[in-house]
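Working notes, beginning with the structure itself.
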2 protein chains.
Amino acid sequence: MQSALTLVGDGNNFNSISLREVAKNAGVVPTSFYRHFRDMEELGLHLLDELGLMLRKLLRKTRLRDDYIETLTRESVRVYAGFVMEHRNYFYFMNQSRTGGTPALREAVRTELRYFSNELATDIRRLPIFAQMNTDDLGIITELIVETVFASTIDLLDQTKTDEKTTSDYVDNTVKKLRIIWLGAGEWQS
Amino acid sequence: MQSALTLVGDGNNFNSISLREVAKNAGVVPTSFYRHFRDMEELGLHLLDELGLMLRKLLRKTRLRDDYIETLTRESVRVYAGFVMEHRNYFYFMNQSRTGGTPALREAVRTELRYFSNELATDIRRLPIFAQMNTDDLGIITELIVETVFASTIDLLDQTKTDEKTTSDYVDNTVKKLRIIWLGAGEWQS
DNA sequence: CTTCTCAGTCAACACTTGTACACTATTGTT
DNA sequence: AACAATAGTGTACAAGTGTTGACTGAGAAG
């Protein structure tokens with residue numbers, strides 16, 4: 001799995017990485033691959049599981065505390081951006097899989113995103129603005145938030161420079177977008 | 001180009017389609033490929049150009065007329081959704097390329113999206129709410145809108161059923177999201 | 001009528017691909 | 001000490017890969 005991930009990080013598309021390349025990069029003979037996975041798709045699904053696990057752990061650790069919504073948003077995005085930069089290869093892979101993976105992989109990514117949307121929904125339910133909002137509407141808002149954060153991830157990854165400034169530019173930009181959504185959500189029921 | 005496109009439509013990832021497959025599918029010998037393109041990347045760039053052209057034509061035809069913003073949004077999304085369904089293969093390809101293509105392809109998609117963001121900006125400048133908004137802020141809003149519409153395109157494509165209802169569900173969902181953004185944008189300057 | 005350009009063909013190359021089969025080394029459990 | 005499970009090795013094969021070079025036919029341009 002680590003081998004496949006580094007190959008993706010080197011600029012290869014997961015779809016066009018061969019079982020043999022993975023084996024070679026792992027310092028192992030091709031036939032050994034079958035001791036671990038039936039094929040590349042299975043390996044991909046395991047990678048996605050692993051990332052999902054890490055993300056959930058992160059989510060639990062940075063659970064939304066009662067706080068001023070502006071700093072709360074900013075802090076969340078900052079944490080997310082840091083996590084992405086620490087696991088670039090995973091996110092390249094996840095982005096590729098969302099649109100270009102096999103049906104099973106695409107579905108797995110979708111499920112992951114849906115999970116975050118739901119978590120977010122139960123979290124922001126506590127905020128006074130959303131206390132008595134229709135569940136469907138709340139779902140749309142959280143979907144929009146998750147999509148917004150996730151959509152620009154690829155742009156963050158593609159920045160050639162990986163210095164502090166690039167990351168904070170991404171954070172600023174994303175926070176502004178989220179602020180618009182918050183404002184819109186606040187006006188929603190009116 | 002048509003050959004490559006149908007292969008993508010059949011569920012293949014553009015990245016892992018071989019030059020030979022394209023030639024075969026086009027009913028031509030592999031070496032003939034070189035009469036048209038240097039390699040698959042060049043073919044991909046041409047495909048993106050073609051799609052860009054079609055989209056611009058569509059944009060010009062459905063130029064925003066002075067109208068009630070709600071019906072205007074709805075109408076725009078409906079037209080877009082129809083266009084996507086009429087050119088499914090192109091959009092599969094574009095989505096794959098955005099995150100999984102070669103650097104040149106990714107950049108080309110980014111440029112395309114930026115173009116739409118800019119077009120949208122000059123269009124909605126006319127609306128009273130945005131008349132005197134900071135250009136940077138307006139850019140962020142249009143970026144958010146374009147991302148929102150584009151992000152959910154893959155979900156529209158992945159619907160197994162392609163009936164009227166599926167499409168109109170997508171339209172409803174997207175319009176709601178855009179409505180939130182409009183509301184938020186209206187509150188922005190305050 | 002000749003000439004040139006374009007899109008096509010054929011054969012060949014060196015290399016990579018997924019997978020099958022039989023075998024070996026390592027390791028944890030009884 | 002013996003055993004079973006796990007992860008590794010080597011060889012082999014048929015199929016597919018990008019790209020080469022030299023050749024052919026159709027039609028446009030002169």
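Letters go in sequence order (proteins before strands), and every chain restarts at 1. Just so it is clear, the values below take in all heavy atoms, side chains as well, and ignore hydrogens, waters and symmetry mates.
Taking the six-membered ring for Trp and thresholds of 30 and 60 degrees, B/F91 and B/F83 have ring planes more than 60 degrees apart, a perpendicular arrangement. Taking the six-membered ring where the residue is Trp, B/H87 and B/Y90 present perpendicular rings, their angle passing 60° and hence far from 30°.
Atom-to-atom, CD of A/E42 to P of C/dT19 comes out at 12 Å; the value is rounded to the nearest Å. In this structure, B/I17 places its CD1 atom 11 Å from P of D/dT17, rounding to the nearest Å. If you measure from atom OH of A/Y34 to atom P of D/dT9, you get 15 Å, rounded to the nearest angstrom. Rounded to an integer number of Å, the gap from B/L19 CG to C/dC15 P is 19 Å. Note: CG (A/N25) to P (C/dT17) measures 12 Å, nearest angstrom. One interatomic measurement links the two molecules: CZ of A/F33 to C1' of C/dG18, which rounds to 11 Å at whole-angstrom precision. The separation between A/M40 atom CE and C/dT19 atom P is 11 Å, rounded to whole Å. Atoms NZ (A/K24) and C1' (C/dG18) sit 16 Å apart, rounded to a whole Å.
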Legend entry - Base-contact (B) and sugar-phosphate-only (S) positions in nucleotides 6-11 of chain C, heavy-atom cut-off under 4.0 Å, - elsewhere: -BBBBB
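Put simply, the residue from B/N25, B/N12, B/L43, B/D10 that forms a side-chain contact (heavy atoms from CB on, under 4.5 Å) with B/I17 is B/N12.
Looking at B/N13 and A/Q96, their side chains never come closer than 4.5 Å, going by heavy atoms from C-beta outward. The shortest distance between side-chain heavy atoms of A/V84 and A/Y170 does not fall below 4.5 Å.
Which of D/dG18, C/dG18, D/dT17 sits closest to the side chain of A/R20 comes down to C/dG18.
By the rule that hydrophobic residues join a cluster once side-chain heavy atoms approach within less than 4.5 Å of another member, B/V22 and B/V28 end up as members of separate clusters.
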